[in-house]
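Reading through the structure tokens given below for one structure.
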Number of protein chains: 2
Amino acid sequence: MSRLPEYLRALHALADAGHETVSSEGLASAVGVNSAKLRKDLSHLGSYGTRGVGYDVALLIDQIESVLGLTQCRAVALVGVGNLGHALAGYDGFASRGFQIAALLDADPSRVGEEIHGLVVRHVDELPRVVAEESISIGVIATPAPAAQAVADQLVAVGVTSILNFAPCVLSVPDGVDVRKVDLAIELQILSFHEHRKASLIALPATGGSALTALPGGLATPDTQEAIGT
Amino acid sequence: MSRLPEYLRALHALADAGHETVSSEGLASAVGVNSAKLRKDLSHLGSYGTRGVGYDVALLIDQIESVLGLTQCRAVALVGVGNLGHALAGYDGFASRGFQIAALLDADPSRVGEEIHGLVVRHVDELPRVVAEESISIGVIATPAPAAQAVADQLVAVGVTSILNFAPCVLSVPDGVDVRKVDLAIELQILSFHEHRKASLIALPATGGSALTALPGGLATPDTQEAIGT
DNA sequence: CGCGATTTGTGCACCTCTTCACAAGCGCCT
DNA sequence: AGGCGCTTGTGAAGAGGTGCACAAATCGCG
Ligand SMILES: NC(=O)c1ccc[n+]([C@@H]2O[C@H](COP(=O)([O-])OP(=O)(O)OC[C@H]3O[C@@H](n4cnc5c(N)ncnc54)[C@H](O)[C@@H]3O)[C@@H](O)[C@H]2O)c1
Ligand SMILES: NC(=O)c1ccc[n+]([C@@H]2O[C@H](COP(=O)([O-])OP(=O)(O)OC[C@H]3O[C@@H](n4cnc5c(N)ncnc54)[C@H](O)[C@@H]3O)[C@@H](O)[C@H]2O)c1
């Protein structure tokens with residue numbers, strides 16, 4: 001499940017706070033999910049809880065990290081060291097969660113050779129050698145959208161089977177390759193939609209607004225952290 | 001639906017390419033979804049397609065933008081102008097999709113006054129005035145995690161009801177306030193999970209691996225762009 | 001040693017979302 | 001004008017996720 005990383009983060013926070021065990025209720029409220037859902041999720045990994053007590057925080061962390069394959073530190077290659085790439089290269093939140101940015105690549109010759117946070121930017125044509133040398137397991141694309149598909153093809157060609165894409169476009173990759181995308185404009189548009197809906201509901205409480213704002217069940221937008229009330 | 005922004009992006013691309021109409025099949029393949037799903041989504045906005053022909057691209061763009069509340073350009077306030085904040089402030093992909101970064105705010109006095117892409121960084125204490133002056137409708141949090149909750153509270157206090165959070169933590173906000181979060185480490189961990197699973201399946205094709213790697217139905221992780229094969 | 005309080009693990013019902021399949025509608029060609 | 005092919009819109013079936021409610025299990029305490 002895609003919720004495991006969130007549980008993991010909450011568990012680390014609890015461990016730092018000194019807790020040895022957590023109840024499903026406690027962990028669930030920390031993550032913001034239903035406790036039954038959390039128990040069902042955890043039960044899929046095996047029975048690592050103790051009835052009457054709760055879950056051992058340290059043990060659960062180990063188990064989840066084992067499931068997620070975080071027992072080994074994974075090396076990621078970042079392609080496209082522009083505006084966003086610089087920020088990502090300097091982000092310390094990766095290393096602390098089991099990921100190491102092992103290579104920076106760019107196509108712009110004027111950027112190649114630049115040193116960023118201890119890493120030297122290399123040319124994207126060196127991808128085959130870099131992937132082999134650093135045993136890269138994940139590729140991150142932070143190039144402009146028109147270049148993203150070509151970069152993805154290059155990554156796939158050298159054996160990378162997991163890609164995180166920041167460019168606002170859909171990538172087509174062969175079966176067996178996993179792509180996740182992060183599109184900030186989409187996030188903002190979803191917020192805009194809810195904002196628009198809230199405004200309509202206030203403005204037209206009687207009429208109910210247009211067909212668009214009165215969609216069935218209130219238009220569930222998953223992944224949202226907190227649903228809007230009423 | 002949270003898919004509308006993706007349709008919108010594909011439609012803009014089609015419009016730029018000179019297409020006047022699209023079939024549900026064509027648009028669906030461009031976005032990477034089932035055509036029946038797309039038709040059902042669009043039918044919820046009303047009947048804007050012509051049988052035997054398809055959908056009018058320009059009309060559909062207008063309709064979706066209207067639903068998403070993008071007819072007006074929305075002003076967003078960015079709080080936390082650090083590593084990530086700088087990248088976001090310089091991102092031109094917001095303006096082109098109906099959003100204008102109208103204010104930059106930070107708590108660090110040494111950052112206040114700095115000019116970034118034509119905007120001057122102001123102190124976070126000026127939030128009430130800034131929100132009123134610029135009629136902010138969305139707040140973006142790019143501060144370290146420990147400060148995120150306080151910033152969220154401040155945003156809510158001055159009437160912001162939509163928040164995009166980049167800090168790796170859960171925010172608690174009152175009902176009626178919408179929070180979406182972007183956590184890159186979670187994205188990487190989900191990729192790591194699939195990577196781990198692929199490796200296990202190759203290494204242990206007979207035994208089927210541990211209970212973790214053999215979860216029912218193959219552990220759906222929604223939001224993924226392309227499922228892994230077999 | 002037994003009992004009650006507490007918490008996990010799970011069967012079950014519900015509900016949403018997805019996908020198939022097809023009738024209805026539209027335009028084009030003859 | 002009529003038929004034919006193509007595409008939309010939608011009913012129905014299927015799948016999957018969610019939450020309730022409760023039995024099973026464990027600990028602490030008398
Ligand atoms: N800046 C942001 O905050 C932000 C936010 C969300 C999404 N994005 C997206 O992330 C991507 C990058 O944004 P940015 O602001 O960093 O752009 P940018 O123009 O600043 O940087 C792009 C970099 O990619 C490099 N590049 C171009 N083609 C390449 C290729 N074929 N191979 C390797 N490198 C190549 C360029 O040399 C440049 O250094 C864009 O798709 C953008 O839409 C950016
Ligand atoms: N840098 C990245 O690529 C990246 C990627 C993913 C997530 N994030 C997350 O985004 C957040 C910011 O990351 P960063 O690398 O930009 O950190 P940073 O330390 O470079 O910047 C944080 C900024 O927030 C400001 N700030 C601190 N407290 C504040 C407050 N109470 N009010 C207003 N401003 C305040 C600081 O002055 C600083 O300028 C972090 O939570 C980080 O985990 C960053």
Side-chain angles (χ1 to χ4, degrees), chain A residues 1-4 6-7 11 14 19-57 59-60 63-64 67 190 211-212 214-228, chain B residues 1-4 6-7 10-11 14 19-57 59-60 63-64 190 211-212 214-228:
Chain A
M1 306 288 184
S2 57
R3 282 185 297 271
L4 286 181
E6 311 196 32
Y7 300 160
L11 284 167
L14 286 168
H19 292 71
E20 302 244 329
T21 62
V22 223
S23 69
S24 63
E25 202 77 39
L27 182 55
S29 73
V31 181
V33 301
N34 186 296
S35 66
K37 193 195 305 193
L38 186 139
R39 286 199 298 276
K40 190 153 291 186
D41 287 345
L42 295 185
S43 74
H44 287 191
L45 321 179
S47 292
Y48 294 108
T50 312
R51 299 175 186 225
V53 178
Y55 298 91
D56 183 291
V57 174
L59 176 62
L60 202 48
Q63 287 302 327
I64 294 183
V67 175
I190 293 173
L212 321 160
L215 282 170
L219 271 242
T221 51
D223 277 344
T224 196
Q225 190 199 332
E226 196 121 353
I228 117 165
Chain B
M1 307 284 187
S2 58
R3 281 186 297 270
L4 287 182
E6 311 197 33
Y7 300 161
L11 284 168
L14 286 169
H19 292 71
E20 302 245 329
T21 63
V22 223
S23 69
S24 64
E25 202 77 42
L27 183 55
S29 75
V31 180
V33 302
N34 188 299
S35 66
K37 192 195 306 191
L38 184 138
R39 284 199 300 276
K40 188 149 290 189
D41 287 346
L42 295 186
S43 74
H44 288 187
L45 320 179
S47 291
Y48 294 109
T50 311
R51 300 174 188 228
V53 177
Y55 298 90
D56 183 292
V57 174
L59 176 63
L60 203 48
Q63 287 303 325
I64 294 182
I190 293 174
L212 319 162
L215 281 171
L219 272 242
T221 50
D223 275 345
T224 195
Q225 190 200 334
E226 196 121 351
I228 117 165

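All chains are named by letter (A, B, ...) in the order of the sequence lines, taking the proteins before the strands, and each is independently numbered beginning at 1.
- Within the nucleic acid shown, A:Ser35 has no heavy atom closer than 4.0 Å to any nucleic acid atom.
- Judged purely by distance below 3.5 Å, without hydrogens or angles, the side chains of A:Asp41 and A:Tyr7 pair a donor atom with an acceptor atom.
- In this structure, B:Leu42 places its CG atom 11 Å from C1' of D:dG9, rounding to the nearest Å.
- The phosphate of D:dT7 (OP1 or OP2) has no side-chain N or O of B:Ser23 nearer than 4.0 angstrom.
- The two residues B:Gly49 and B:Tyr55 have their closest heavy-atom pair at CA-CD2, 3.4 Å.
- The distance between atom CG of A:Leu27 and atom C1' of C:dT7, rounded to the nearest whole Å, is 14 Å.
- Within the structure, a side-chain polar atom (N or O) of A:Tyr55 is placed less than 4.0 Å from OP1 or OP2 of C:dG9.
- Note that CG of B:Leu60 and CG of B:Leu11 are 5.0 Å apart. Values are rounded to the nearest 0.5 Å.
- Put simply, CG on B:Asp56 is 16 Å from P on C:dC26, counting in whole angstrom units.
- Rounding to whole angstrom units, CG of residue B:Leu38 and P of D:dT7 are separated by 14 Å.
- When rounded to the nearest whole Å, the span between CG of A:Leu59 and P of C:dT8 equals 14 Å.
- Taking OG of A:Ser29 as the start and CG of A:Leu38 as the end, the distance is 10.0 Å to the nearest 0.5 Å.
- Atom CG in A:Leu42 sits 10.5 Å away from atom CE in A:Met1 (nearest 0.5 Å).
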Whether each nucleotide of nucleotides 19-27 of chain D has a protein heavy atom under 4.0 Å at its base (B), only at its sugar-phosphate (S) or at neither (-) is summarised, 5' to 3', as BBB--BBBS

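- One atom, CD of B:Glu25, and another, P of D:dG9, lie 14 Å apart when rounded to the nearest Å.
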